[in-house]
Novice: 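Provided herewith is a single structure, encoded as structure tokens, for subsequent inquiry.
Keep in mind that this is a model prediction, so the values were computed, not measured. Naming convention: chains lettered A, B, ... in sequence-line order (proteins, then strands); numbering from 1 in each chain.
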Protein chains: 2
Amino acid sequence: MTFIMKKHYLCSISLNSQNMGRCEQCIIREFSSLKALTREELLTISDTKTHFLVKKGEVIFSEGDNLNGVYCIKEGFCKLTKLNANGKDSIVKLSKRGDLLGQRSIINEETSNLTATALEDMSICFIPKKEMMEYFTENNKFSLLVTKDICNHLKDSDKGIADHTHKTVKQRLASVLLKLEELGGTNPENKALNIQLSREDLANMVGTATESCIRLLSDMKKESLIQLLGKNIILVNKSELKNLSE
Amino acid sequence: MTFIMKKHYLCSISLNSQNMGRCEQCIIREFSSLKALTREELLTISDTKTHFLVKKGEVIFSEGDNLNGVYCIKEGFCKLTKLNANGKDSIVKLSKRGDLLGQRSIINEETSNLTATALEDMSICFIPKKEMMEYFTENNKFSLLVTKDICNHLKDSDKGIADHTHKTVKQRLASVLLKLEELGGTNPENKALNIQLSREDLANMVGTATESCIRLLSDMKKESLIQLLGKNIILVNKSELKNLSE
DNA sequence: GTTTTTTCATGATAAATGTCATATATTTTA
DNA sequence: TAAAATATATGACATTTATCATGAAAAAAC
């Protein structure tokens with residue numbers, strides 16, 4: 001287990017001066033509730049937002065941090081984790097391009113309940129709390145979309161609890177592999193999953209020991225359900241994986 | 001496993017005529033986001049709401065149901081469950097007096113993702129979708145409270161996923177027992193938990209087989225962590241249960 | 001009040017999963 | 001590029017957990 005310092009404060013300063021990207025021209029906002037903002041609101045956000053790059057493995061924010069705004073993912077995947085008392089991580093959720101992070105903490109005026117860590121090099125915009133909450137209270141269309149987004153997360157999480165309650169490890173692994181494809185898609189060339197998790201991360205998402213996860217991947221390979229090419233995982237028999245996961 | 005018909009439609013009609021309870025005088029609303037409603041809004045809700053009783057074991061609404069409003073619990077506990085593909089239930093959440101049910105489905109305009117079942121005789125008010133959404137879009141104070149409530153549920157559910165990911169069954173059982181006390185309190189006379197779950201329900205909340213749950217309860221009894229008096233569970237050594245659960 | 005059904009409890013056993021050890025492959029660092 | 005560190009893989013084994021069987025206790029139905 002390694003500890004990596006947060007470097008994004010430095011990055012955000014050095015990069016923002018170079019990055020004159022205007023929110024009103026940014027396509028990414030179409031993927032989130034930000035699409036409900038008015039032209040004026042977007043102009044203000046353009047001036048108050050900061051942009052920064054995060055390297056693979058770097059922490060964006062940690063459990064317990066006081067977030068002063070929300071993070072809009074322009075590019076890259078990240079994991080949202082919770083640390084167990086016995087020192088083990090649980091991956092609660094994965095986020096991708098277009099997703100907003102930190103909404104719950106801002107609305108509830110609480111510290112973050114999750115840690116966000118980049119799974120690959122990322123490009124992120126930071127939108128200050130002040131503007132977010134201003135538009136949240138004044139722009140009804142925006143607040144409705146934000147709330148709907150949170151509602152969807154809630155539905156996913158409740159599904160997650162149910163999945164972890166009575167399914168076997170193998171069922172959950174199958175389910176996670178399909179979820180990874182759904183979320184991140186596949187490489188058009190070799191059909192491998194675009195989201196590359198370490199075996200440890202995969203185990204922390206499935207809820208099992210790393211060795212058990214590796215073993216079950218090997219089993220699935222022998223059963224021709226998947227193919228393993230180094231870090232690459234290819235879902236060979238998706239319908240059977242689907243059957244297995246249910 | 002038994003199937004129980006929903007009878008509350010009948011109940012609601014027969015009872016509503018007798019029940020002239022006015023929302024503006026109801027103390028229960030102080031426990032939920034309904035406290036943000038104006039006097040005028042409350043008067044309208046009084047006229048449109050219906051009140052009904054639900055008997056222990058009866059289903060209030062089921063996974064997949066189209067909810068036409070939200071349910072405000074005036075009295076009693078209920079469980080919110082999700083049915084697994086292999087026919088096993090997971091208890092995702094418990095709700096009590098003052099809680100609102102069905103908010104997520106109404107806001108997202110989706111069918112319910114959970115089934116609500118009474119754990120004891122309950123008294124419930126039903127508030128139609130139309131009024132809820134009207135106030136949600138027009139009364140900012142109300143919508144903020146609703147959203148905060150959903151945010152709290154999300155935080156709880158994410159905690160739930162993490163708990164299920166790497167904790168042992170015994171750790172989770174200890175955690176559930178403490179949660180039951182926190183949520184429902186104890187009988188002042190014998191200090192037993194007010195929320196009485198069957199062993200099967202307890203197992204479905206912990207995420208284990210009923211027999212394993214019973215066995216672990218026996219173990220905890222032998223270790224003087226708890227006391228078992230019929231259906232009554234008394235938490236004897238709470239600090240040790242707390243240690244165990246973490 | 002008796003019968004029937006359901007819930008609770010426990011033993012025996014099987015199956016699933018976790019842990020520790022070790023080897024190899026891969027990546028990172030110097 | 002070589003050395004060090006980390007990630008992946010697999011075997012051996014311990015532990016946990018699930019399943020099946022059975023009986024007792026409690027609750028529900030008659």
Side-chain angles (χ1 to χ4, degrees), chain A residues 1-4 55-58 79 84 86-90 117 119-121 163-174 176 192-193 196-223 226-233 244, chain B residues 1-4 55-58 84 86-90 119-121 163-174 176 192-193 196-223 226-233 244:
Chain A
M1 215 164 294
T2 53
F3 289 91
I4 296 158
K55 284 228 169 353
K56 178 178 175 173
E58 280 182 349
K79 59 178 176 182
N84 205 306
N86 54 20
K88 288 180 185 168
D89 261 329
S90 302
T117 310
L119 291 171
E120 55 183 6
D121 291 357
D163 282 350
H164 277 82
T165 305
H166 286 304
K167 284 187 179 174
T168 65
V169 175
K170 195 167 185 181
Q171 284 182 307
R172 297 201 301 269
L173 176 57
V176 164
L193 296 178
Q196 291 200 343
L197 293 177
S198 67
R199 300 295 192 257
E200 190 182 3
D201 275 345
L202 203 51
N204 288 341
M205 196 163 171
V206 170
T208 189
T210 307
E211 297 93 326
S212 299
C213 179
I214 290 172
R215 236 181 278 274
L216 288 172
L217 282 174
S218 297
D219 290 354
M220 286 182 171
K221 184 183 173 182
K222 279 174 200 149
E223 299 163 32
I226 62 173
Q227 211 179 325
L228 298 173
L229 298 171
K231 287 252 182 218
N232 287 315
I233 298 177
L244 190 60
Chain B
M1 214 165 294
T2 53
F3 288 91
I4 295 157
K55 285 230 169 352
K56 178 176 176 176
E58 280 182 348
N84 205 306
N86 54 20
K88 290 180 185 168
D89 261 331
S90 302
L119 292 171
E120 54 183 6
D121 290 356
D163 282 350
H164 277 81
T165 305
H166 285 305
K167 284 187 180 174
T168 64
V169 175
K170 195 166 185 181
Q171 284 182 308
R172 297 202 301 269
L173 176 56
V176 164
L193 297 177
Q196 291 199 344
L197 294 178
S198 67
R199 300 295 192 256
E200 189 182 4
D201 275 346
L202 203 50
N204 288 341
M205 194 163 172
V206 170
T208 189
T210 306
E211 297 93 326
S212 299
C213 179
I214 290 173
R215 239 180 277 275
L216 287 172
L217 282 173
S218 297
D219 289 354
M220 286 182 171
K221 185 183 174 181
K222 279 175 198 146
E223 297 163 35
I226 62 173
Q227 211 180 324
L228 298 174
L229 298 171
K231 286 252 181 217
N232 287 316
I233 298 177
L244 189 62

Novice: Rounded to the nearest Å, what distance is computed from the CG atom of residue B/L216 to the P atom of nucleotide D/dT16?
Specialist: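 B/L216 atom CG is separated from D/dT16 atom P by 10 Å.
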Novice: Can you measure A/K170 atom NZ to C/dG18 atom P for me and round it to whole angstrom units?
Specialist: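 The answer, rounded to whole Å, is 15 Å.
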Novice: Is it true that A/H164 and B/D163 share a donor-acceptor pair across their side chains at a distance under 3.5 Å?
Specialist: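 Looking only at side-chain atoms, A/H164 and B/D163 do not form any donor-acceptor pair under 3.5 Å.
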Novice: At less than 4.0 Å, is any side-chain N or O atom of B/K88 found next to OP1 or OP2 of D/dT19? Yes or no.
Specialist: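 Checking B/K88 against D/dT19: at least one side-chain N or O falls below 4.0 Å of OP1 or OP2.
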Novice: Could you grab the distance from atom OG1 of A/T117 to atom CD of A/E58, nearest 0.5 Å is fine?
Specialist: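 The OG1 atom of A/T117 sits 10.0 Å away from the CD atom of A/E58.
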Novice: Using a strict heavy-atom distance below 4.0 Å, which residues from residues 201-215 of chain A are in contact with DNA chain D?
Specialist: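 Residues of residues 201-215 of chain A that come under 4.0 Å of DNA chain D are, in numerical order, A/E211, A/I214, A/R215.
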Novice: Quick one: B/M220 CE to C/dC8 P, roughly how many Å, whole number?
Specialist: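 Roughly 17 Å, once rounded to whole Å.
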Novice: Contact between B/L202 and B/I233 at the side-chain level, heavy atoms closer than 4.5 Å - yes or no?
Specialist: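 Side-chain contact under 4.5 Å: yes.
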Novice: I'd like to know if the side chain of A/H166 pairs up with that of B/D89 as donor and acceptor (distance under 3.5 Å, no hydrogens or angles considered).
Specialist: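 Short answer, no.
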Novice: Give the rounded distance in Å between these two atoms: CD of A/E200 and C1' of C/dT27.
Specialist: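 Result: 15 Å.
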Novice: Using a distance-only test with no angle check, is there a side-chain donor-acceptor pair under 3.5 angstrom linking A/Q227 and A/N232?
Specialist: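 Their side chains do not contain a donor-acceptor pair, so the 3.5 Å distance test is not met.
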Novice: What is the separation between atom CG on B/N232 and atom P on C/dC8, rounded to the nearest whole Å?
Specialist: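 Going from B/N232 (CG) to C/dC8 (P), I get 12 Å.
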Novice: What integer distance in Å separates A/L197:CG from D/dT6:P?
Specialist: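 In whole Å, D/dT6 P lies 20 Å from A/L197 CG.
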Novice: Can you check the B/L229 CG to D/dA25 P distance for me, whole Å?
Specialist: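 Taking CG of B/L229 and P of D/dA25, I get 16 Å after rounding.
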Novice: Relative to the 5' end of DNA chain C, which residue comes earlier, A/K167 or A/G230, by the nucleotide with the nearest heavy atom?
Specialist: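 This one resolves to A/K167.
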Novice: Could you give the distance from OG1 (B/T208) to CZ (B/R215), rounded to the nearest 0.5 Å?
Specialist: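 B/T208 atom OG1 to B/R215 atom CZ measures 10.0 Å (nearest 0.5 Å).
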Novice: Check whether any side-chain nitrogen or oxygen of A/K231 sits under 4.0 Å from OP1 or OP2 of D/dT8, and answer yes or no.
Specialist: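 Indeed, a polar side-chain atom of A/K231 lies that close.
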Novice: Please name the pair of heavy atoms, one in B/L244 and one in B/A174, separated by the smallest distance, quoted to 0.1 Å.
Specialist: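 Heavy atoms of B/L244 and B/A174 come nearest at CD2-CB, 3.9 Å.
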Novice: Write down the distance between NE2 (B/H166) and P (D/dT16), rounded to a whole number of angstrom.
Specialist: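 That distance rounds to 17 Å.
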